[in-house]
Amino acid sequence: MSKRPILIHPDPRLKKVSAPVPDLSDDLRRLADDMLETMYDAPGIGLAAPQVGVNARLIVLDCVKTDHDAPRPLIMFNPEIVASSDERNTYEEGCLSIPEQYADVTRPAEVTVRWIDRNGNESQEDFAGLWATCVQHEVDHLDGKLFIDYLTPLRRQLITRRMQKLKRDRARV
Ligand code: NI
């Protein structure tokens, strides 16, 4: 496995709608494993393929937060949110493509997700709490949507300008 560079907003590749994965291949499994390594290293709790420059419908996540709980890495090809609760939940979200910027986002509190796992089998599971927020945030990435798209235009512009400055500063080093 190897780490991959994470794209920083603004980047046109983060705004694209990603294509469904037609068939699992060793390359795609390697990409998923690399994404998990990249996510854990960052550290983060979720990562979507467009964030490493691949516009394919693939996300990885692990929302186990405490060190004494066993990790639960999930790899989801073609994830689909098939049901959402009316009840809403607000979490302070961040994104590895928008480093060190956080904002409250309100989303359905519980979702049912269907996906293809690493072995090519169809899985379905209900998620609540942080897991529900995280999986929705990652699926949004596959539709070219970022958590800052839920904020006011003013707030979004402010964060975008900060990221432009961050990218300029990094390019200079
Ligand atoms: Ni994100």
Side-chain angles (χ1 to χ4, degrees), residues 1-21 28 31-65 71-81 84 88-111 113-116 125 127-167 170:
M1 296 206 286
S2 57
K3 274 198 314 164
R4 305 213 180 188
I6 297 174
L7 300 183
I8 301 299
H9 166 75
D11 188 301
R13 288 166 288 181
L14 293 172
K15 300 304 294 174
K16 272 204 208 165
V17 175
S18 290
V21 173
L28 280 167
L31 170 63
D33 294 340
D34 286 355
M35 282 168 57
L36 273 176
E37 185 177 339
T38 305
M39 179 192 84
Y40 283 126
D41 180 77
I45 58 172
L47 190 68
Q51 294 181 274
V52 294
V54 181
N55 284 108
R57 300 191 82 83
L58 161 61
I59 64 173
V60 299
L61 63 160
D62 183 349
C63 302
V64 174
K65 271 269 190 96
R72 195 192 173 210
L74 281 180
I75 292 171
M76 297 182 176
F77 293 98
N78 299 336
E80 252 185 283
I81 293 165
S84 306
R88 310 264 139 173
N89 220 340
T90 301
Y91 268 101
E92 188 177 61
E93 296 190 22
C95 181
L96 293 176
S97 292
I98 312 174
E100 285 168 48
Q101 306 298 316
Y102 304 93
D104 281 349
V105 177
T106 300
R107 302 177 185 269
E110 290 175 36
V111 289
V113 184
R114 193 181 294 157
W115 72 93
I116 305 293
E125 192 174 324
F127 293 96
L130 182 60
W131 285 90
T133 286
C134 183
V135 75
Q136 291 174 84
H137 173 122
E138 300 313 327
V139 169
D140 271 354
H141 273 296
L142 305 181
D143 295 320
K145 194 164 184 183
L146 304 171
F147 82 90
I148 57 171
D149 293 329
Y150 293 93
L151 310 181
T152 63
L154 194 67
R155 187 90 194 275
R156 185 161 61 242
Q157 281 161 22
L158 182 74
I159 291 176
T160 299
R161 275 198 290 272
R162 279 189 198 134
M163 291 302 102
Q164 284 164 332
K165 182 177 185 303
L166 176 80
K167 293 213 298 192
R170 282 188 182 177

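Atoms within each ligand, like the ligands themselves, are counted from 1 in listed order. When reading the values below, keep in mind they use all heavy atoms of this one structure, side chains included, and skip hydrogens, waters and symmetry mates.
Between R107 and the options N89, D140, T133, a side-chain hydrogen bond (donor to acceptor under 3.5 Å, both in side chains) holds for only D140.
Side-chain atoms of I116 and V21, non-hydrogen and from C-beta on, never get closer than 4.5 Å to each other.
Salt-bridge annotation for K16 and D11: absent, with no side-chain N of the basic residue lying under 4.0 Å from a carboxylate O of the acidic one.
In this structure, K145 forms a cation-pi arrangement with Y150, its terminal cationic atom sitting closer than 6.0 Å to the ring centre and no more than 45° off the ring axis.
The two residues E110 and A128 come nearest to each other via the heavy atoms CG-CB, 3.7 Å. Nearest heavy-atom pair, P79 versus V113, reported as atom, atom and distance to 0.1 Å: CB-CG1, 4.3 Å.
Residue-and-atom listing of protein N/O/S atoms under 2.8 Å from the Ni ion (ligand 1), sorted by chain and number: C95 SG, H137 NE2, H141 NE2.
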